[in-house]
Amino acid sequence: MNQYYSFDKGRRVWLPPTSYSFAYSDGEESENYLLSVLRAAKDVSTTSSEMLNAIRDWPSEYHLSPGRHNLLRPFKFKATDRILELGCGCGSITRYLGETGATVIAVEGSLRRAEIAAERCRDLPNVTVCCDNFADFRGAIKFDYVSLIGVLEYSPLFISGDDPIITSLMTARSHLKEDGALILAIENQLGLKYFNGCAEDHVGVPYFGISGLYGKGDPTTLGRHKLTEKLKEAGFPKVELFFPFPDYKLPGLILSEAALMDERLKVADLLIHNTGRDYLGTRHRAFSESSAWRVVAENNLTADLANSFLIFARQDQSARLPVDWLAKIYSRGRRNLCYQVDTTISPAENAELVVRKKKIYPDLVAGDQYFFHVVSDSVYLVGNLLVGKIHKAMAREADLDELASCFSPWLNFLLANVMRSDEGGSFLPSNFVDCIPGNLIEDSTGALHYFDAEWVNAKPIPLAWTIIRGVTYALIDCLENRAIKYLTLRQLIVLIAQRAGVCLVDADFEVAHELEERLISQCNVESSIKVEFSQLFDVGLFLTYRLANDIPELRRELEWSKAELVRIKGAFSWRITAPLRVIKNVGGKLVERFRDV
């Protein structure tokens with residue numbers, strides 16, 4: 001640092017002559033918790049299990065999850081690079097950049113957050129943390145990269161002038177080398193998830209951004225066209241866009257601009273399980289995002305309706321990132337980092353697309369494994385993801401027969417691969433753990449192709465488990481279907497299996513729960529997205545459609561539902577009407593039997 005700043009040894013932070021700290025915060029309790037976790041931790045690196053195990057809520061997930069690093073993982077930074085991070089927050093991205101070996105100067109306006117960032121990077125001598133308003137930061141050198149990640153939208157709060165956003169961009173440009181690049185990540189004001197009822201991230205009000213309700217001094221996001229205009233006005237004529245999903249905060253998918261123009265790539269299929277996450281907990285959804293993305297992609301609007309942008313902007317129009325891929329996919333939610341996978345879809349010389357997989361942390365040891373983890377390269381399969389047809393049927397509120405017909409090609413595919421055991425029972429090959437609708441492509445002839453067989457058991461697996469997990473995970477992110485909403489998940493699975501000639505009994509569900517729990521436990525799946533089968537089988541589907549989006553809220557509703565069932569069954573009226581229900585059930589079964597005949 002230059003002589004303008006002095007070093008606070010206690011905080012490990014460089015300070016300007018006049019003490020400065022603005023009042024942005026995730027809350028005193030959250031930030032005290034983060035600082036205490038970091039001070040107590042022996043390992044504060046990006047692969048630290050201590051960081052993962054300390055995640056307890058959204059603020060701690062945002063600051064401690066290695067999923068944050070996926071945003072920049074596709075881009076290679078060199079030890080010779082000099083990086084200025086403006087608005088480093090609590091140091092999650094700072095830590096990742098520091099581990100590349102690059103020289104990093106991180107500027108944070110909140111003294112408390114700067115102290116947390118410094119603690120996160122305490123063992124990285126190549127990282128310097130400074131507490132200052134980034135508009136006032138005095139750098140002694142020019143940088144190869146300057147980043148504004150989740151920062152530009154807050155410019156109206158902390159920077160004066162007629163156009164704080166332009167001022168911020170020009171400030172960032174002033175610190176860049178002539179051939180340097182600005183790295184910008186920000187929510188899209190017109191992101192599809194905001195049309196679908198997700199709250200605007202900064203003010204917490206649904207439809208606030210897309211209605212243009214921002215006032216002077218409000219955090220402000222922009223759409224693609226307006227943001228690009230601002231960048232060019234600030235002196236960045238070269239703009240390269242990338243699209244992280246579900247957003248830039250914890251991306252599991254990053255698309256390049258080339259991906260949106262390549263007709264071979266089914267962008268909508270990649271988005272099926274990367275739909276918008278609402279971090280503020282609003283629950284109303286007007287439409288099925290997984291279905292809407294197909295229409296959006298067909299009309300070449302994905303770039304305009306992506307939930308977030310990742311941008312590399314330059315003054316030099318001739319410079320370009322060496323990006324040879326269309327899409328990068330990262331496994332999310334696995335706290336056992338040895339199972340984290342980097343999947344790259346890129347063009348091949350023979351006009352095909354290829355899918356290359358590698359472990360993100362190959363040096364980490366898996367330990368005891370009930371299931372073996374296998375990653376391998378393959379050719380990109382052309383066709384449509386089968387689960388997309390299921391999501392569309394659910395969005396159309398299809399009845400049981402129509403919905404079952406969507407599952408039948410998959411069930412027939414499973415049955416064609418069934419092996420009979422000497423002890424009795426139906427089993428599938430040991431690599432069919434992930435043979436679920438989300439991993440099947442239907443080609444133009446209607447034939448199904450199984451891909452991404454990532455998990456392998458030591459021996460053949462029960463057919464029933466694959467059916468139960470396949471139906472369950474196919475319903476994730478679906479909207480409420482009134483035609484079947486009062487069925488339980490168990491009833492729906494049984495009825496769908498029956499139509500393929502498979503009879504499932506309670507013991508099958510017990511085995512499925514046991515095996516699923518073993519897989520979840522081995523991966524150490526984050527609790528925020530973990531699906532506990534045993535809690536879902538016997539409640540109404542209206543409580544289970546959005547399994548992945550709101551697990552804490554779902555659990556509260558499940559507990560309420562269980563309590564209501566206990567209360568109702570304990571009521572006098574329930575007991576005295578028991579004979580009538582027996583008659584009705586017997587009659588219903590007889591009617592069903594005659595109908596089958």
Side-chain angles (χ1 to χ4, degrees), residues 188 190-198 206-207 210 243-247 252-253 255 259-260 263 265-278 282-308 327 329 381-410 436-444 446 448 470-485 487 489 492 496 529 531 541-550:
N188 178 9
L190 300 176
L192 187 66
K193 78 173 190 177
Y194 302 115
F195 284 96
N196 202 16
C198 288
Y207 310 112
I210 61 174
F243 308 95
F245 291 89
D247 51 49
L253 168 68
L255 297 173
L260 307 187
E263 295 182 353
L265 186 67
K266 291 284 188 178
V267 168
D269 282 348
L270 297 179
L271 293 173
I272 280 180
H273 289 313
N274 281 284
T275 53
R277 176 177 171 184
D278 190 334
T282 56
R283 306 195 60 205
H284 170 70
R285 297 293 177 269
F287 55 84
S288 166
E289 281 179 49
S290 61
S291 299
W293 277 120
R294 191 168 303 280
V295 181
V296 168
E298 289 171 352
N299 287 276
N300 297 322
L301 291 171
T302 307
D304 293 291
L305 295 175
N307 295 322
S308 288
I329 305 167
L381 297 170
V382 178
N384 294 306
L385 203 59
L386 183 63
V387 75
K389 183 182 293 185
I390 295 167
H391 281 208
K392 182 176 180 179
M394 289 291 289
R396 293 180 64 250
E397 298 194 311
D399 62 19
L400 180 59
D401 289 333
E402 182 181 347
L403 186 60
S405 70
C406 295
F407 282 99
S408 63
W410 163 62
I436 60 178
N439 284 340
L440 284 171
I441 290 289
E442 187 175 32
D443 67 20
S444 58
L448 294 182
V471 176
T472 300
Y473 286 112
L475 297 182
I476 288 176
D477 293 330
C478 288
L479 292 182
E480 183 177 296
N481 180 346
R482 287 173 295 182
I484 59 171
K485 66 181 290 185
L487 289 173
L489 181 59
L492 178 64
I496 287 173
I529 63 172
V531 177
L541 281 169
F542 67 97
L543 289 178
T544 65
Y545 287 131
R546 301 187 187 110
L547 301 179
N549 285 343
D550 201 353

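None of the values given here were measured: they were computed from a predicted structure.
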**Student:** Taking the side chain as everything from C-beta on, heavy atoms only, tell me whether Leu255 gets closer than 4.5 Å to Leu260.
**Tutor:** yes
**Student:** Once salt bridge (Lys or Arg N to Asp or Glu O under 4.0 Å) is applied, do any residues pair with Lys389, and if so which ones, sequence neighbours excluded?
**Tutor:**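 Testing Lys389 for salt bridge (Lys or Arg N to Asp or Glu O under 4.0 Å), a comparison that skips the adjacent residues, returns Glu442.
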**Student:** Test of understanding: with side-chain hydrogen bond (donor to acceptor under 3.5 Å, both in side chains), list the residues that count as partners of Asn188, not counting sequence neighbours.
**Tutor:**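 In terms of side-chain hydrogen bond (donor to acceptor under 3.5 Å, both in side chains), with neighbours along the sequence ignored, Asn188 is linked to no residue.
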**Student:** Of all residues at least two apart in sequence or in a different chain, which pass the side-chain contact (heavy atoms from CB on, under 4.5 Å) check with Pro244?
**Tutor:**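 Pro244 satisfies side-chain contact (heavy atoms from CB on, under 4.5 Å) with Leu71, Tyr248, Pro251, Ile254, Ser308, Leu310 once adjacent residues are dropped.
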**Student:** Is the shortest heavy-atom distance from the side chain of Val382 to the side chain of Asp443 under 4.5 Å?
**Tutor:**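 No, too far: nothing below the 4.5 Å cut-off.
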**Student:** Between the main-chain N or O of Asn307 and the side-chain N or O of Asp247, is there a donor-acceptor pair closer than 3.5 Å?
**Tutor:**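 Answer holds: no.
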**Student:** Heavy atoms, side chains only, cut-off 4.5 Å: are Leu265 and Leu270 in contact?
**Tutor:**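 Touching, per the 4.5 Å side-chain cut-off.
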**Student:** Under 3.5 Å, sequence neighbours excluded: what are the donor-acceptor pairs made by side chains of residues 293-303?
**Tutor:**
{"from": "Arg294", "atom 1": "NH2", "to": "Asp269", "atom 2": "OD1", "distance (Å)": "2.7"}
{"from": "Asn299", "atom 1": "ND2", "to": "Val295", "atom 2": "O", "distance (Å)": "2.8"}

**Student:** Assess the residue pair Leu492 and Leu403 against the criterion (side chain to side chain contact (heavy atoms under 4.5 Å, CB included)); give the C-alpha distance rounded to whole Å, side-chain angles, the decisive distance to 0.1 Å, and a yes or no.
**Tutor:** CA-CA 10 Å; Leu492 178 64; Leu403 186 60; 4.2 Å; yes
**Student:** Can you spot which of Leu386, Leu381, Asn384 makes a side chain to side chain contact (heavy atoms under 4.5 Å, CB included) with Ile441?
**Tutor:** Leu381
**Student:** Does Leu475 reach the side chain of Leu489, with side-chain heavy atoms less than 4.5 Å apart?
**Tutor:** yes
**Student:** Tell me, please, which residues at least two apart from Asp399 pass salt bridge (Lys or Arg N to Asp or Glu O under 4.0 Å).
**Tutor:** none
**Student:** Can you name the one residue among Leu448, Val471, Ile390 that meets side chain to side chain contact (heavy atoms under 4.5 Å, CB included) with Pro437?
**Tutor:**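 With Pro437 as partner, Leu448, Val471, Ile390 yield a single side chain to side chain contact (heavy atoms under 4.5 Å, CB included), made by Ile390.
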**Student:** Go through the steps to decide whether Arg285 and Cys198 satisfy the test side chain to side chain contact (heavy atoms under 4.5 Å, CB included), and finish with yes or no.
**Tutor:** CA-CA 8 Å; Arg285 297 293 177 269; Cys198 288; 3.4 Å; yes
**Student:** Are the side chains of Leu192 and Phe287 in contact, using a 4.5 Å heavy-atom criterion?
**Tutor:** yes
**Student:** Between Lys193 (side chain) and Thr275 (backbone), is there a donor-acceptor pair under 3.5 Å?
**Tutor:**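 No, the answer is negative, given that no donor and acceptor are paired below the 3.5 Å cut-off.
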**Student:** Give the C-alpha distance, both sets of side-chain angles, the deciding distance and a yes or no for side chain to side chain contact (heavy atoms under 4.5 Å, CB included) between Ile329 and Asn274.
**Tutor:** CA-CA 10 Å; Ile329 305 167; Asn274 281 284; 5.7 Å; no
**Student:** Please examine the side chains of Leu385 and Lys266, heavy atoms only from C-beta on, and report whether any two atoms are closer than 4.5 Å.
**Tutor:**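 Answer no - side chains too far apart.
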**Student:** Report the residues that fulfil side-chain contact (heavy atoms from CB on, under 4.5 Å) with Ala483, sequence neighbours left out, ordered by chain and then residue number.
**Tutor:** Asn481
